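In what follows, chains carry the letters A, B, and so on, assigned in the order in which the sequence lines appear, proteins first and then strands, with residues in each chain numbered from 1. These numbers come from a predicted model, not from an experiment.
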Protein chains: 2
Amino acid sequence: MEEKEISKAVIRRLPRYYRYLGELIESGVERISSSELSSRMKVTASQIRQDLNNFGGFGQQGYGYNVKFLYSEIAKILGLDKKHNVIIIGAGNLGHAIANYVAFEKRGFIMTALFDINPERIGKKIRDIEVLPLSELEAYIKENEVDIATLTIPKTAAKEVAERLVNCGVKAIWNFAHTDLNLPEDVLVENVHLSESLMRLSYNITSVEKSREEQK
Amino acid sequence: MEEKEISKAVIRRLPRYYRYLGELIESGVERISSSELSSRMKVTASQIRQDLNNFGGFGQQGYGYNVKFLYSEIAKILGLDKKHNVIIIGAGNLGHAIANYVAFEKRGFIMTALFDINPERIGKKIRDIEVLPLSELEAYIKENEVDIATLTIPKTAAKEVAERLVNCGVKAIWNFAHTDLNLPEDVLVENVHLSESLMRLSYNITSVEKSREEQK
DNA sequence: TAGATTGTTAATCGATTAACAATC
DNA sequence: TAGATTGTTAATCGATTAACAATC
């Protein structure tokens with residue numbers, strides 16, 4: 001009913017609020033004002049209050065925000081109160097790194113299987129997650145619930161595999177391949193383009209150098 | 001002299017233009033109009049022209065843009081025409097993945113060394129990049145030019161190592177640790193927070209589910 | 001109650017899109 | 001020359017910040 005349509009900018013900031021609140025809990029802080037959080041996170045207090053109020057009034061006038069309560073509310077908003085089964089296509093180093101990262105499980109992301117085409121990798125286990133042959137992808141998805149498919153394969157294979165996933169009904173893809181996947185609108189794609197990230201850093205290095213030269 | 005101050009939004013899009021232009025070159029396209037590129041990239045033609053004109057007039061009225069020329073101009077803007085020496089702190093799976101990704105070298109990012117504290121990893125080689133003990137970090141940086149330091153270590157170690165890097169004069173950090181580094185203003189930090197990316201995907205999954213429920 | 005701080009409206013700022021004159 | 005398409009200005013849209021009344 002209340003369709004306010006949350007902007008991407010707000011969503012981009014939510015996980016960061018969540019992370020800071022988690023740290024506050026660890027250090028035993030029970031309540032926090034938007035201005036105190038503002039100085040820690042280096043964003044304006046106004047923005048914090050605006051962002052949070054997109055989802056409801058989590059604070060209390062004169063008091064601020066209860067850290068634990070706000071933390072759990074943001075968890076709900078982000079869907080971290082639900083389990084998500086995640087498969088990983090591509091059991092190379094990057095696939096390994098993600099499968100090994102146990103903190104994901106804590107947030108409800110359960111890594112259930114890896115897939116690869118390399119016979120040497122098939123059958124091996126990472127933690128207790130088995131590496132299956134890519135040829136069994138469809139059969140696996142038919143028998144197991146898959147909420148998120150992670151693509152850690154070269155870009156040459158990515159588009160084809162993505163289509164196979166979509167044909168099996170997978171609705172969310174975490175894409176590490178260096179390419180855009182052109183998929184139907186109802187399929188959610190979250191891209192992690194490492195090379196683009198590195199180029200942005202390179203851009204900033206370059207523009208600092210240029211402005212230093214100009215000062216001479 | 002001409003300090004227009006390019007917005008972050010523009011910089012975020014530049015590597016994507018670069019990628020598409022690279023693909024166009026590969027498929028033999030010699031020239032392209034902003035509207036043709038617009039339909040491929042799913043951004044407005046107006047935005048493409050605005051973005052590019054921040055850096056100069058690369059096109060020609062009535063013709064469009066020469067693909068190879070524009071590609072090489074964007075490369076220059078991104079600093080890809082210069083070599084950047086990159087070290088990697090943390091020779092785990094993620095560090096391995098990055099060290100193994102040869103496409104970075106093509107763009108001028110030369111991986112020169114890995115560092116780790118785990119004795120089992122020290123001395124090993126990835127391609128021909130050696131894994132050195134973290135204790136030698138300072139000595140290495142003194143003797144070798146390091147343009148970018150990559151942090152692929154747990155967040156507990158990240159802040160301390162980042163400070164060591166800054167003390168040695170490193171001016172750019174590519175940070176994969178799940179934490180913010182609070183460093184001096186003149187140190188450039190590019191964050192890759194994988195868990196935040198996964199949470200954004202989870203948010204979108206959740207909000208699709210919610211809107212489906214509301215429709216009932 | 002007085003002080004603190006939120007929730008929310010209004011003002012500002014910046015980014016995107018539209019339009020069109022310039023020009024190849 | 002006529003047609004196409006850029007470069008650029010102006011209009012619109014959206015996001016951020018400021019301000020303050022509501023209220024704990």
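Judged as a side-chain hydrogen bond (donor to acceptor under 3.5 Å, both in side chains), and not counting sequence neighbours, the contacts of R164(B) are E138(B). Taking S197(A) as the reference, R200(A), W174(B), E190(B), V192(B) meet the side-chain contact (heavy atoms from CB on, under 4.5 Å) condition, with sequence neighbours excluded. Here T44(B) pairs with S46(B), Q47(B) under the side-chain contact (heavy atoms from CB on, under 4.5 Å) rule; sequence neighbours left out. Under the rule for a side-chain contact (heavy atoms from CB on, under 4.5 Å), the partners of Y63(A) that lie at least two apart in sequence or sit in another chain are R31(A), Q60(A), N66(A). Listed by chain and residue number, nothing satisfies the side-chain hydrogen bond (donor to acceptor under 3.5 Å, both in side chains) test with Q50(B) (two or more places apart in sequence, or in another chain). The side-chain contact (heavy atoms from CB on, under 4.5 Å) search around N85(B) returns I110(B), T112(B), E145(B), D147(B), not counting sequence neighbours.
The line from CE of M199(B) to CZ of F104(A) is 8.5 Å long, rounded to the nearest 0.5 Å.
Under a 4.0 Å N-O distance rule, the pair K76(B)/E73(B) qualifies as a salt bridge. A salt bridge between E36(A) and R40(A) is present, with a side-chain N of the basic residue lying under 4.0 Å from a carboxylate O of the acidic one.
Q60(B) has its CD atom 14 Å from the P atom of dT8(D), to the nearest Å. One atom, CZ of F55(B), and another, P of dG7(D), lie 14 Å apart when rounded to the nearest Å. Whole-Å rounding puts the N53(B) CG to dT23(C) C1' distance at 14 Å.
Annotation: proximity of residues 16-39 of chain B to DNA chain C (heavy atom, distance under 4.0 Å) is found for no residue. For the contact set between residues 61-74 of chain A and DNA chain C, defined by any heavy atom under 4.0 Å, the members are Q61(A), G62(A), Y63(A), G64(A), Y65(A).
Other residues, nucleotides and ligands contribute more than 12 heavy atoms inside 6.0 Å of the CD1 atom of I11(B). The local environment of NZ in K155(A) is sparse, with at most 12 non-hydrogen atoms from other residues, nucleotides or ligands closer than 6.0 Å.
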Report, one line per pair, each donor and acceptor closer than 3.5 Å where one atom sits in a side chain of residues 22-30 of chain A; sequence neighbours left out.
unit_1 : atom_1 : unit_2 : atom_2 : d
S27(A) : OG     : E23(A) : O      : 3.0
S27(A) : OG     : L24(A) : O      : 3.2

Distance-only criterion, 3.5 Å: show the donor-acceptor pairs between side-chain atoms of residues 180-189 of chain A and protein atoms not counting sequence neighbours.
unit_1  : atom_1 : unit_2  : atom_2 : d
D180(A) : OD1    : H193(A) : NE2    : 3.4
D180(A) : OD1    : R19(B)  : NH1    : 3.4
D180(A) : OD1    : R19(B)  : NH2    : 3.1
D180(A) : OD2    : R16(B)  : NE     : 2.9
D180(A) : OD2    : R16(B)  : NH2    : 3.0
D180(A) : OD2    : Y20(B)  : OH     : 2.8

Under a 4.0 Å heavy-atom criterion, the protein footprint on nucleotides 14-19 of chain C, written with B, S and -, is -SSBBB
Per-residue pairing states of DNA chain C in dot-bracket (Watson-Crick or G-U under 3.5 Å; . unpaired, | other strand) read ..||||||||||||||||||||||
